[in-house]
Amino acid sequence: MCGRYTIVHTHKELIARFRVTKALIESRARFNIAPTQKVPVVIYESQRVLEEVSWGLIPSWSKEPDKFKPLINARAETLAEKPSFRSAFKKRRCLIPADGFFEWQTKAGKKIPVRITLKEGTLFSFAGLYEDRKDPAGETLRTCTIITVPANEKIAPIHERMPAILRPEDEEIWLATKPEETEKAFGCLKSYPDDQIEYYEVSSLVNSARVDTEECIAPAAKQLRLLPE
DNA sequence: CCAGACGTTGTT
DNA sequence: GTCTGG
DNA sequence: CCAGACGTTGTT
DNA sequence: GTCTGG
C-alpha cells in the first residue's frame with residue numbers, strides 16, 4: 001500500500017513536469033508526507049491546475065464527515081464498483097505528484113522503513129481520486145486517495161501491494177478520459193516496470209509523522225564492520 | 001419497506 | 001486492544 | 001503508514 | 001447517493 005511519500009522536487013519542477021498552467025499553491029519540498037496532511041495534486045478543470053487537498057478521501061455521502069475515517073488508499077481491482085470510489089473514478093481523477101514512497105518491510109519481526117523511487121529519483125505521479133464535501137461553515141473541502149495495485153516483482157519482497165504509478169504517457173488519459181469511457185482510465189492502472197524501480201532502507205526517524213526533514217530520505221547508516229573489506 | 005453500511009492494510 | 005492525530 | 005493516547009473530579 | 005440485510 002502507500003501510507004507515506006515524498007516530494008523533494010521544487011515547485012518549478014512540478015509545474016514543468018506536469019505542464020501545470022494554473023498553480024493555486026506554491027509547493028515545497030516534503031520528506032515525509034503522512035495521511036490527513038495537505039498534499040499537492042494536479043486536477044483537470046479545462047486546464048491543468050495544481051492545488052492542495054487533504055490526503056484521505058471522505059465520500060460525499062458521509063453524514064458526519066468529521067468522524068469518518070479517511071480512505072487513504074483505493075484498490076484498483078474494485079474501485080469501479082465500491083460506493084466510496086465509483087463516482088470519483090468516473091469523474092474526479094487526479095495526478096498526485098511524488099518522487100518516492102515509503103513501505104515498512106517486516107524482517108525478523110522488525111519493521112524496517114524503505115524508500116522506493118524511480119531510477120534517478122525521477123518525478124512521477126500516483127493515480128489518484130478526489131472528492132468534495134462541505135464543512136460546517138459551508139466551505140468546500142477536497143480530499144483525495146491513492147490507488148493501489150499488486151506489487152511488481154521488485155517490490156513484492158518488501159510489500160504485497162504498491163501505489164499505482166502512472167506512466168507519463170498515461171497521465172493525460174487518466175486526467176481527461178470522459179465518465180463514459182472509464183475502461184480507458186482503468187487501463188492506466190498497471191504495476192510499474194520493475195527495471196525502473198529502486199529502493200533503499202532509511203532511518204526509523206520516518207516512522208513519526210511529525211518528522212519531515214531531509215534525514216527521512218537519507219540511506220540508513222551502514223552496519224559497522226569489525227573488519228572492513 | 002426501513003436500517004445500516006459504505007474502506008484498506010496487516011495480522012491472526 | 002483500539003482509536004485519534006499527524 | 002506509525003505514534004501516542006486511552007479518564008474523572010475538583011481545583012487553579 | 002446507493003446497495004445489502006433483515
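Residue numbers begin at 1 in each chain, while the letters A, B, ... track the order of the sequences. Note that the structure is a prediction, hence the values are computed from the model and not measured.
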Under a plain distance cut-off of 3.5 Å, with no hydrogens placed, do [Y] and [X] share a side-chain donor-acceptor pair?
{"X": "A/S54", "Y": "A/R142", "value": "no"}
{"X": "A/T148", "Y": "A/R161", "value": "yes"}
{"X": "A/T10", "Y": "A/E13", "value": "yes"}
{"X": "A/T143", "Y": "A/E131", "value": "no"}

Any salt bridge linking A/R48 with A/E172? Criterion: basic side-chain nitrogen under 4.0 Å from a carboxylate oxygen.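 A salt bridge is present here (some side-chain N lies under 4.0 Å from a carboxylate O).
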Determine, for nucleotides 1-6 of chain C in 5'-to-3' order, which nucleotides have protein heavy atoms under 4.0 Å from the base (write B), from only the sugar-phosphate (write S), or from neither (write -). -----B
For atom [atom1] of [X] and atom [atom2] of [N], their distance in whole Å:
{"X": "A/K111", "N": "B/dT9", "atom1": "NZ", "atom2": "P", "value": "13 Å"}
{"X": "A/W55", "N": "D/dC1", "atom1": "CH2", "atom2": "C1'", "value": "7 Å"}
{"X": "A/I147", "N": "B/dT9", "atom1": "CD1", "atom2": "P", "value": "12 Å"}
{"X": "A/F101", "N": "B/dT9", "atom1": "CZ", "atom2": "P", "value": "13 Å"}
{"X": "A/I158", "N": "D/dC1", "atom1": "CD1", "atom2": "P", "value": "15 Å"}

Inspect the surroundings of NZ in A/K90 and state if more than 12 heavy atoms from other residues, nucleotides or ligands are less than 6.0 Å away.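 No, NZ of A/K90 has 12 or fewer neighbouring heavy atoms, counting only those of other groups under 6.0 Å.
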More than 12 heavy atoms of other residues, nucleotides or ligands under 6.0 Å from CD of A/E120: is that the case?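 Atom CD in A/E120 is not packed in, count stays at 12 or less.
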I'd like the [atom1] distance from [M] over to [N], given in whole Å.
{"N": "D/dA5", "M": "B/dT8", "atom1": "P", "answer": "30 Å"}
{"N": "C/dC3", "M": "B/dC6", "atom1": "P", "answer": "14 Å"}
{"N": "B/dG7", "M": "D/dC1", "atom1": "C1'", "answer": "15 Å"}
{"N": "B/dT11", "M": "D/dC2", "atom1": "C1'", "answer": "16 Å"}
{"N": "B/dT9", "M": "E/dT2", "atom1": "P", "answer": "26 Å"}

What is the ring orientation for A/F101 with A/F126, classed by angle as parallel under 30°, tilted 30 to 60°, or perpendicular over 60°?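 Geometry flag for A/F126 against A/F101: perpendicular rings.
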If you compare every side-chain N and O of A/T78 against the phosphate oxygens of B/dG7 (OP1, OP2), does one of them come in below 4.0 Å?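 Looking at the OP1 and OP2 atoms of B/dG7, neither is under 4.0 Å from any side-chain N or O of A/T78.
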Please determine if a side-chain N or O atom of A/R161 lies less than 4.0 Å away from the OP1 or OP2 oxygen of B/dT8.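 Looking at the OP1 and OP2 atoms of B/dT8, neither is under 4.0 Å from any side-chain N or O of A/R161.
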Check nucleotides 4-6 of chain B for protein N or O atoms closer than 3.5 Å to its own N or O atoms and list the pairs.
unit_1: B/dC6; atom_1: O3'; unit_2: A/S84; atom_2: OG; d: 3.4

Using the ring centroid of each side chain, check whether A/W55 and A/Y5 are separated by less than 6.0 Å.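 They qualify: ring centres under 6.0 Å apart.
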Check whether NZ of the Lys or CZ of the Arg A/R115 lies under 6.0 Å from the centre of the six-membered ring of A/Y200 and within 45 degrees of that ring's axis.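 Geometry flag: not set, cation outside 6.0 Å or 45°.
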Across the strands shown, which category fits A/T148 at heavy-atom distances under 4.0 angstrom: base, sugar-phosphate, nothing?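 Touches sugar-phosphate only.
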Just to be sure I understand the rule, does A/F102 reach a base, reach only the sugar-phosphate, or reach nothing, if contact means heavy atoms closer than 4.0 Å?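 Touches nothing.
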Which nucleotides of DNA chain E pair, in dot-bracket form (Watson-Crick or G-U under 3.5 Å, | meaning another strand): ||||||
Check: A/P157 main-chain N/O paired with A/Q105 side-chain donor or acceptor under 3.5 Å: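 Confirmed, A/Q105 side chain pairs with A/P157 backbone.
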With a 4.5 Å heavy-atom cut-off, do A/P113 and A/E201 have their side chains touching?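 No; the side chains remain at least 4.5 Å from each other.
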